[in-house]
Amino acid sequence: MLSPNTDSMGNSMKIATWNVNGINARTEHLLRWLKEFNPDVALLQELKTPGDAVPTLELKELGYHVEFVGQKSFNGVAILSKNEIDVVLDKLPGDEEDVQSRYIEANTGGVRVASIYFPNGNPVDTEKFTYKLGFMERVIERTKELLAEEIPFVLGGDYNVAPDNGDVYDIQKMGSDAICREEGRQLYRKHLHMGLTNAYKLYHPEPGQFSWWDYRGGGWNKDHGVLIDHLLLSAQAADLLVDSNIDKTPRGWEKASDHTPVWCELSL
DNA sequence: ATGCCGTCATACTGACGA
């Protein structure tokens, strides 16, 4: 007897990461983009709200479950999913004194996902850069635990690291920025070399592809950008990977975030 | 260029971002 096989349609999961640069200022953009792009999972960063500005009801109407950690004015990360979300961690382990809202990890639709807002790290000669490097070490430590679970997982977010010179429009102009510093690049590689796959770079290794463009100096119109938003996948997730790209559409809208979504698609 | 632009706060200026 043939099974009804009713749940076989699609079986694909689109997972995107997007630094919205203020969810209050970007609510209309977010809702429009969700309707148009229709991701199964959206990992958001820089909510810049304790939570009151998160449009929970509108998101629910679009079919999304929502979990987030926020704080006033700065940082803040969220997971939106069409499947139920079971939060595993709402802070990055390894520093009890770190109260910045930069990490949320959850199970949803059979995949472990995390939305991570890595510290920017500028200026590099201050404790902000030290904090960035320490945060990256803590993500590596957490990743060791995740790898031991041997599960498909996707660590998405604003890594604030441009891994290669080709990920920067002009290395002469950006070379001294924290996102290009060798200390951060080494830790990014240490993370990657644990066995993770950068989904976008797997399909688009060519230089000159960006996820952030400076508001200043007409960066968007000149395509003066950097690639700092990444989706890092465990082997079990990479086995399911069928596509990845950058959706530049929302960056062209009026009053855009300076970041645009990076997404990957898994075939489950 | 310690510049440029944009968001947030209790705000008409400053911190922060990358």
Side-chain angles (χ1 to χ4, degrees), chain A residues 17-31 33 44-55 68-78 98-103 115-136 139 156-185 187-188 200 207-230 246 248 250-262:
Chain A
T17 182
W18 188 16
N19 180 325
V20 295
N21 188 20
I23 198 168
N24 184 51
R26 220 67 61 204
T27 296
E28 295 312 311
H29 280 50
L30 175 61
L31 297 175
W33 174 74
L44 308 180
Q45 301 87 40
E46 280 213 87
L47 307 181
K48 296 187 174 182
T49 175
D52 48 292
V54 176
F68 64 87
V69 291
Q71 69 183 82
K72 194 161 89 171
S73 305
F74 306 114
N75 310 315
V77 288
D98 184 0
V99 295
Q100 299 189 33
S101 300
R102 296 179 175 274
Y103 189 93
S115 178
I116 314 175
Y117 179 43
F118 287 74
N120 161 301
N122 285 306
V124 294
D125 59 350
T126 68
E127 72 286 347
K128 293 185 179 231
F129 191 63
T130 313
Y131 172 63
K132 175 182 191 167
L133 300 180
F135 188 96
M136 295 181 76
V139 170
D158 177 357
Y159 280 68
N160 265 315
V161 170
D164 306 297
N165 285 352
D167 300 322
V168 178
Y169 77 98
D170 184 342
I171 196 60
Q172 299 301 329
K173 285 192 170 63
M174 293 296 291
S176 62
D177 192 283
I179 66 168
C180 295
R181 287 292 294 255
E182 192 56 25
E183 298 96 318
R185 286 180 168 178
L187 285 172
Y188 168 86
Y200 178 75
Q209 307 303 310
F210 309 129
S211 63
W212 176 92
W213 296 260
D214 203 324
Y215 288 124
R216 301 166 294 184
W220 168 246
N221 289 324
K222 294 176 185 170
D223 197 26
H224 287 177
V226 300
L227 180 59
I228 54 175
D229 300 276
H230 307 293
I246 296 170
K248 291 188 185 180
R251 186 60 181 82
W253 293 340
E254 291 292 324
K255 304 269 290 177
S257 168
D258 42 1
H259 296 252
T260 211
V262 179

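Proteins get letters first, then strands, A, B, ... in listed order; numbering begins at 1 in each.
- On the nucleic acid side, DNA chain B has its first and last nucleotide under 4.0 Å of a heavy atom of chain A at B:dC4 to B:dA18, going 5' to 3'.
- The nearest heavy atom of DNA chain B to A:Asp158 and to A:Arg26 marks one nucleotide each, and the one closer to the 5' end goes with A:Arg26.
- The P atoms of B:dG6 and B:dT10 are separated by 23 Å, rounded to the nearest whole Å.
- No contact: A:Asp258 has no heavy atom under 4.0 Å from any strand.
- Comparing A:Asn19 and A:Ala256, the nucleotide of DNA chain B nearest to each residue sits closer to the 5' end for A:Ala256.
- Counting non-hydrogen atoms under 4.0 angstrom, A:Tyr117 reaches the backbone sugars and phosphates but no base.
- No hydrogens or angles considered: a donor-acceptor pair under 3.5 Å links the side chains of A:Asp98 and A:Tyr131.
- Contact annotation for A:Asn21: backbone-only contact, meaning every heavy-atom pair under 4.0 Å involves sugar-phosphate atoms and none involves a base.
- Here, B:dT2 and B:dT13 have their P atoms 23 Å apart, quoted to the whole Å.
- Atom name P, nucleotides B:dC16 and B:dA1: the rounded distance is 24 Å, in whole Å.
- Among the atoms of the strands shown, none is found under 4.0 Å from any heavy atom of A:Arg181.
- The aromatic ring centroids of A:His224 and A:Trp213 lie 6.0 Å or more from each other.
- Between the side chains of A:Arg181 and A:Asn122, no donor N or O sits under 3.5 Å from an acceptor N or O.
- A:Lys128 comes within 4.0 angstrom of sugar-phosphate atoms only, judged by non-hydrogen atoms across all strands, and of no base.
- Atoms OG1 and NZ, on A:Thr126 and A:Lys132 in that order, are 11.0 Å from each other to the nearest 0.5 Å.
- A:Asn75 comes within 4.0 angstrom of nothing in the nucleic acid, heavy atoms only.
- Rounded to the nearest Å, the gap between the C1' atom of B:dA18 and that of B:dT7 is 14 Å.
- The only option from A:Asn120, A:Asn21, A:Asn19 that meets the side chain to side chain donor-acceptor pair (under 3.5 Å) definition with A:Asp158 turns out to be A:Asn19.
- Contacts of A:Asp229 with the nucleic acid, taken as non-hydrogen atoms under 4.0 Å apart, are absent.
- Within 6.0 Å of CD in A:Gln172 there are 12 or fewer heavy atoms belonging to other residues, nucleotides or ligands.
- The aromatic rings of A:Tyr188 and A:Tyr159 lie perpendicular to each other, with more than 60° between the two planes, well past the 30° mark.
- Residues satisfying the side chain to side chain donor-acceptor pair (under 3.5 Å) test with A:Asp164, not counting sequence neighbours, are A:Lys201.
- Against DNA chain B, the stretch residues 214-226 of chain A makes heavy-atom approaches under 4.0 Å through A:Tyr215, A:Arg216, A:Gly217, A:Val226.
- Taking the ring centroids of A:Trp33 and A:Trp18, they lie under the 6.0 Å cut-off.
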